[in-house]
Amino acid sequence: MASTSVQGITSSSSSSPPQYMYDVFLSFRGKDTRNNFTSHLYSNLEQRGIDVYMDDRELERGKTIEPALWKAIEESRFSVIIFSRDYASSPWCLDELVKIVQCMKEMGHTVLPVFYDVDPSEVAEQKGQYEKAFVEQEQNFKENLEKVRNWKDCLSTVANLSGWDVRDRNESESIKIIAEYISHKLSVTLPTISKKLVGIDSRVEVLNGYIGEEVGKAIFIGICGMGGIGKTTVARVLYDRIRWQFEGSCFLANVREVFAEKDGPRRFQEQLLSEILMERASVWDSYRGIEMIKRRLQLKKILLILDDVDDKKQLEFLAADPGWFGPGSRIIITSRDTNVLTGNDDTKIYEAEKLNDDDALMLFSQKAFKNDQPAEDFVELSKQVVGYANGLPLAIEVIGSFLYARSIPEWRGAINRMNEIPDGKIIDVLRISFDGLHESDKKIFLDIACFLMGFKIDRITRILESRGFHAGIGIPVLIERSLISVSRDQVWMHNLLQIMGKEIVRCESPEEPGRRSRLWTYEDVCLALMDNTGKEKIEAIFLDMPGIKEAQWNMKAFSKMTKLRLLKINNVQLSEGLEDLSNKLRFLEWHSYPSKSLPAGLQVDELVELHMANSSIEQLWYGCKSAVNLKIINLSNSLDLIKTPDFTGIPNLENLILEGCTSLFEVHPSLARHKKLQYVNLMDCVSIRILPSNLEMESLKVCILDGCSKLEKFPDIVGNMNKLMVLHLDETGITKLSSSIRHLIGLEVLSMSNCKNLESIPSSIPCLKSLKKLDLSGCSELQNIPENLGKVKSLEVFDVSGTSIRQLPASLFLLKNLKVLSLDGFKRLAVLPSLSGLCSLEVLCLRACNLREGALPEDIGYLSSLTSLDLSRNNFVSLPRSINLLYELETLVLEDCTMLESLPQVPSKVQTVYLNGCISLKTIPDLIKLRSSKISEFICLNCWELYNHNGQDSMGLTMLERYLQGLSNPRPGFGVAVPGNKIPGWFNHQSKGSSISVQVPSWSMGFAACVAFSANGESPSLFCHFKANGRENYPSPMCISCNSIQVLSDHIWLFYLSFDHLKELKEWKHESFSNIELSFHSFQPGVKVKNCGVCLLSSLYITPRPSSAHFIVTSKEAASSYKASLAFSSSYHQWMANVFPVIRAADQARRLIFPFGKEREKVMAIRSRLFEAIEESGLSIIIFARDCASLPWCFEELVKIVGFMDEMRSDIVFPVSCDVKQSKIHDQTESYTIVFDKIGKSLRENEEKVQRWMDILNEVEISSGSKSLTIPELRQQLLEEQLLQLKHNLMLDQQQKLQQQGLQQWPQQQLDEQPLQQKLQQRVLRQVLRQRQQVLQQQLQQLQLPGFWLGI
C-alpha cells in the first residue's frame, strides 16, 4: 500500500478542475482493519452507489507504491483515512497520507479522518503507540529525517480535521453515519441534471415538502402534467439531490415504452432489484418478480422513480402498494394521466407547472443566444416565441435551438410558419397522450381544440352531448390525461395542444377544407361552400367572427352537408337564409339570421339546442313541428318576432329565452301547461299585454318578466308550482298580486322593484315559507305592507326604499334571519325602533331618512353581524358611541351628512369610510387602532372643515403615519383622499404629470404614493396601474370612486401598499420588485392629474429618523429583559415596531421570519438585508447571552459591525452582557468553549472563520470600552444620544427660520464681533432650550428608537 518515496507523483493543474474517477479513496493499514471495519465501510458505500477505491493488496517491504495508486488519490473526491493503533508503523501508509494532504492543499481534496482504536490526541501529538512508532521510523530513516518530520506534520494536520472517533461505539451505527455523511456531501458536489436548469428549484422545493411528510411511512408521490412540461426533469433532479437519504435507490425511465416491449416488465424488475440491493438479481418471470420485490424490499427504506407511467397495470408489476417497501420509502411516479395514481388514497399529487414569463425567456435565451438574456435586436421576437410556447419547456428548448445563430428575417419566417404548421418534434411528444384516447374522447378533444376552448364547462357538456358524444366521462378523462384543465368553470388547454388538435384536423385534407370534419376559419368555410365536392364529411362548422363580415355564400351548399351536426355562425352578414339543412343537425346557433323563419322543410327531430339571437325571424316556424329532443330555444333580441311557436310539439323544452323581443305580443296558450320548462325569460318584451290566465308549470324554477311594462296582471296559480324559486316582476305594470301566490311555497325571491302602479301586497304573503328576498324598492304608490310580514321567518333581504309606506310593522324588527334591510328615503322615520332583535343583520341602509340628532338608537351597537352601514344624507351632529361595538363592521358610509361634526372611534375591522361632503366634520378617529387585515381607506372629498382643522396639507400625512404606527407587523395598505394641492416634501420621488417610476431596493417593505388632482365639478374616479420590473401592467387594488358628489377644488389622494400584500395578489406574478412604475388614470375627462410622488419605506415609520438602533439579541430572555428596560412608557407593539432585535432561532422568538436549517441561499438573502440595516443604523447594541456563540450568523453580524467601527466612531457600538460574565466572553470559557469547540468541529474546512469569530469578541470589547454597560448605563447613554440629536435638529430648524427672515433681528455690532455661524448656534440653542424644555422632556420620556428587526 505504500512506498519509501513520493517521487514521481502526478499532479493536476490548479487552473482546471480535477477529473474524478472515484468518489472515495480508503487509506488504512491492512493488518489492522482490512477484514473488519474497512471492509464493512467499503461494502456500505458500494451499496449506496458510491465509487470507492480500496487497494486490498499487502505490499512487501522494499516495494514501491505504483503510480496508479497516486493517480487514484488524485482522481478521488474524498479520502477517508482510518487511523488504527499501528497506522504510523507503516511507511507506506504515511506516504499515502503525505500525498493525500498534498491533494487537499493543492486541489481542494476533502479529507475525512476516522479514529478506529486510537485517541485523536495520540495521532495529532504523536503520543503513546504513535510515539513508539516514530522512534522506530527515525531509526529506519535516519538519513532522511525531513521525511519523518513531514509525516508528523501531515498526521497533525489531518488529526485536527473534523472526523469521527468510533472507539467504544457500535461499529454498524458508526459506519452508517459515515456513509450517510459522504452520500450527502456527494449529492451536493456531484454534477447533476440540475446544473443551469431554469426554474427548477421552486418545483423541487414543493416536492421536498411532500418528501418530508409522514416520515415513518412509505408514500407514493405523483408528478403529473402534459407532455413536455418537465416531469422527468424535475424527478431526475429530485432523485439526484435526495437519494443519499435512502438505503437504496433506482430510477426506471420510459416505463411506457419499455412495457410495450417483449419481456419489458421482467427486465424492469431485475433492474429495480439489482440497483437497490447492489447485487445482480435474476427474475425468471414477472409474476415471480412481484414476490421478490415484496420479500427483498419490505424492510428497506428506498427511493424509486417510475418515469412516464401510463397504465395502472405497470404499477402492479413494480410498485402496487406502499406496503411493498420499508418505512420512510418514497415512490415517485411521473405520468400524464392522474387516473394512474388514484389507486392509493395517500398518494400526494404534484401538478407540474409551466415556466413563468421570466424563466421562459431565460431558458429560451440560453438555447437561442447561449446567454441568459436575448440579444438587443431580438427582444420582441423572443417574446413572441416565448408567448407561443406558453411556458412549455420542451417547446422553448426545441424552438430556441432551431433559431440559434439565425438572422432576423429567418426568425420572422420561422415564427409565421410555426403559427400555421407546428414543429414536428413538439407535436410527436404531445400526440402520445392523444393517440391513447378512446375514439369518442378524441372527438371531444378535437371539438374543444378547434372551437370550444374557453367556454363554460356546462355549456361545452351540453354542446357535446347534443352532438352525441359522452361528455360526462370524456371531459374527466381529458382532465386526467392533462390534455385540458378547468379554471373558474371554464375549459382550457395549452395553446400548443390546441395547435396540435387543429393540425390533426387540417391533415385530414390539407388542400381541400370541404373534406375535413371540422371548419372554424372564415377562409376555410368560404372555400368549402364554393367547392362542389366532399361536403358530406363536414360534421361541424363553428364560425365566430370578432367583427361583422359581409359574405356572399352559396346557401344551397349547406343542403349537401349530410353529416352536419353542429352549426354556429356569428357576425357574418348574409342577404338570404338557408334553403335546407341536414336532418341530423343537433346544435344550431346563428346570430343575426336573415330570414323570417327557418326552412319549411327542415326536420328538427334531432335538434337539441337552437340559438338565434338578434335574428330577423318573425315566426320560428309555421304550424306545429315535432322537436322532441329540443331543450333550449333562444331568440333574444329578435326585434321582429311577433308570436311564439306552439309548444305542444316541444315536450322536452327546458329553457325559453325571448328577452328583448320588443314586437312579441302573442304567447301561445300551450306555454302555461308545459311540464318540462324550467326557465322562462321574457324580459323587456314591452308589447306583451296578457299572459295565459292560469299557470300550472310544475317544473318551472325561474320566471323573469322584468320590463314588461304593459303587463298589468300576473296569472293565477292553479296547479302545482312548488319548484318556482325566482319570480322577477320589476318595472311591470302590475297593480296587485293575486292571493293565489300563496301556492308558491318554494318561492325564494320575489322582486317587484319600480312597479310604479303597485298598490298593495296580498296578506297571504306569510304563506311563502321559503321566501328569502322581497324587493319592493321604487314602488312609489305602495303605502302599506301586511302587519303579519314578521311571520315570514325565512326572510333575509327586505328592501322598501323609495316607497310611500307610512309605518313599518313592528314584527319586521324581530326577524332573526334578516341580513339586509334597506329603508333609503324613508323620511317618515322620526325615531328608529329598537334594532336589537335583528341579530343576523349584515347590511343596514338608512340613506336620506331625515334622521336628526338622537334618532339613531344606542342599541345599534348590538348588531353584532353588521358589516355595512349607510347613513348618508342625514341630519345628525354625532353618532352613538355604541357604533364602536360593531366589531364586524367593514364599510361605513356617511356621505353628505352636512351637520356631522365628529366621529366616535370606529370598529377596528373597518376597511372603508366614506365621508365625502361632510362639510362640518372636524375630527376623525385615531387610525392607529385599526386592525383590518385588508386595505383600509378614508375618502374625505369636500371635507373643508376637516381640512382647515387638521393642518391643511399635513392632514393626509398625519392619517397615514397613525395608520402605519398601529401594528408591529407590516400592514397591507391604506388610502386617504382629502382636500389639498401639494405633494408632501417627504415624498423623495416626485414627477409632474400622471406617472412616476422608481427603483426598488431590496430593503423596501412597501411604498407610499401621493397624487394631486382636480375634478372640475365632476364626481371623480381615479385608478392606479402598476408596471412591475418594466414589463407587465396590473391594476392595483387602490382606487377612489365617487358617483354622488361634485368636487370643485383640488384634492390629494395618498396611499400606502406593502410589497408582501402585492405578492399575495393572484394577478401579481413577481416574487421581488426591482422597479415599479405607477400611472394614474380617470375615465372622466374633467379629472386631471397634476403631479404625483412616491416614497419607499424601509421601516414602519415614515417620519425622518435622525438615528436608529440595530440590536443583536441572542436569547428570548435577553430580548424580553432589555425590551422592558429600554421601552419606557411605550406599548409592547410600539417597542417591537421601533427596535429590531435579531433573535436566535432555537428560542422560537415571537417575530420568527427564518427558521434555523433552511436553504443557504435563503439565509444569504436575509443576511444581505440585515447587513444593509447595519449600514443604515446609527448605533448597534450587542447583547451577549450565555448561548450567544451557538449561532454562526450572530458572529457574521459582529464581523460586519466591527468593520464599520474602523470607519466611524467607536462609541456607536454598545456591548451589553445579559447572563454571562464579561470575562467568559473575553476568554471564551465555559459555555463559550463548548460552543466554539462544537462549531469548530463542524467547520474544520474554514478554521480561519471560526478564529475570526473568537477574536471578534475581544475586538468589540476593546473598541467600545473596558467593560460592558449595565442596563442603567445603557439607558443613560441612549438618552444622551437622543438628547444631542434632538438639540441638533431643533437648532437647525430655528436656524433655517431665522435665515429666512433675513437676520434683521440681530444687532450689527454682534455680527461684527463673532462669526455669523457661531452666533446663530448660540442664540438659537438658548432660545430653543428655554422655549421647548418641557416638550423635550416629554419626548425623552417616550423615547422610541426606530430600527431594523430581522428574526432568524
Side-chain angles (χ1 to χ4, degrees), residues 47 207-225 231-232 234-236 238-239 242-243 245-260 263-279 281-352 436 476-477 480-482:
Q47 288 180 2
L207 284 166
N208 270 329
Y210 295 158
I211 295 292
E213 293 181 9
E214 303 179 68
V215 177
K217 292 177 59 178
I219 61 173
F220 281 40
I221 298 170
I223 304 176
C224 294
K231 303 181 296 296
T232 301
V234 73
R236 176 68 71 178
L238 183 67
Y239 177 78
I242 70 170
R243 61 181 176 177
Q245 301 176 16
F246 300 86
E247 297 174 27
S249 61
C250 179
F251 192 110
L252 297 180
N254 303 318
V255 172
R256 175 181 54 83
E257 293 181 10
V258 174
F259 262 72
D263 217 19
R266 184 193 64 78
R267 288 190 285 110
F268 254 158
Q269 290 171 338
E270 280 189 350
Q271 181 182 342
L272 188 157
L273 289 167
S274 298
E275 290 190 16
I276 291 178
L277 298 175
M278 296 303 296
E279 62 183 43
S282 296
V283 176
W284 296 107
D285 66 73
S286 56
Y287 290 97
R288 187 174 179 184
I290 293 173
E291 297 305 318
M292 290 178 66
I293 292 173
K294 291 183 189 178
R295 186 175 70 255
R296 299 293 301 275
L297 303 183
Q298 63 181 345
L299 298 179
K300 275 189 171 293
K301 178 185 176 183
I302 65 108
L303 173 64
L304 175 61
I305 310 290
L306 302 176
D307 177 50
D308 195 15
V309 176
D310 70 343
D311 195 325
K312 287 183 179 180
K313 290 182 179 180
Q314 295 160 1
L315 296 180
E316 292 176 5
F317 288 97
L318 300 173
D321 188 87
W324 287 18
F325 310 100
S329 294
R330 298 292 180 260
I331 297 85
I332 299 174
I333 303 163
T334 74
S335 179
R336 305 182 187 206
D337 187 355
T338 56
N339 187 54
V340 169
L341 307 168
T342 57
N344 294 295
D345 294 337
D346 295 332
T347 300
K348 317 288 183 183
I349 296 180
Y350 167 68
E351 292 285 348
V477 167
E480 291 167 359
R481 299 287 179 93
S482 302

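Just so you know, residue 1 is the first one in the sequence shown, and it goes up from there.
Using a 4.5 Å heavy-atom threshold, the side chains of R481 and R336 count as separate. Looking only at side-chain heavy atoms (C-beta outward), L341 and I349 come within less than 4.5 Å of each other. Using a 4.5 Å heavy-atom cutoff, the side chains of L297 and L304 are not in contact.
Under a 3.5 Å cut-off, the side chain of K231 and the backbone N or O of G225 do form a donor-acceptor pair. Of the possible polar contacts, one joining the D285 side chain to the R288 backbone as a donor-acceptor pair under 3.5 Å is found.
When all heavy atoms of Q269 and F317 are compared, the closest pair comes out as NE2-O, 2.9 Å. Contact between P327 and Q298 at its shortest, heavy atoms only, is CD-O, 4.4 Å. The minimum heavy-atom distance linking G326 with A218 is given by the pair O-CB, 3.6 Å. Nearest approach of L252 to F268, heavy atoms of both residues: CD2-CD2, 3.5 Å. For the pair I302 and S329, the tightest heavy-atom approach, listed with the atom from each and the gap, is N-OG, 2.9 Å.
Atom-to-atom distance recorded for T347:OG1 and I331:CD1 is 9.5 Å, nearest 0.5 angstrom. In this structure, CZ on R266 lies 14.5 Å from OH on Y287, to the nearest 0.5 angstrom. Taking CD1 of I333 as the reference point, atom CD1 of I223 lies at 10.0 Å (rounded to 0.5 Å). Atom NZ of K312 sits about 11.0 Å away from atom OG of S335, to the nearest 0.5 Å.
A perpendicular orientation is assigned to the rings of Y210 and Y350, their planes being inclined by more than 60° (bins at 30° and 60°).
A cation-pi contact, defined as under 6.0 Å to the ring centre and within 45° of the axis, links K301 to F246. Stacking of R236 on the aromatic ring of F251 is recorded, both the 6.0 Å distance cut-off and the 45° axial limit being met.
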Can you list the steps and then say if L238 with R243 is a side-chain contact (heavy atoms from CB on, under 4.5 Å)?
-> CA-CA 8 Å; L238 183 67; R243 61 181 176 177; over 6 Å; no

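Annotation for K294: atom NZ counts as buried by contact number, over 12 foreign heavy atoms lying within 6.0 Å.
With hydrogens and angles left out, the side-chain atoms of D308 and T334 include no donor and acceptor closer than 3.5 Å.
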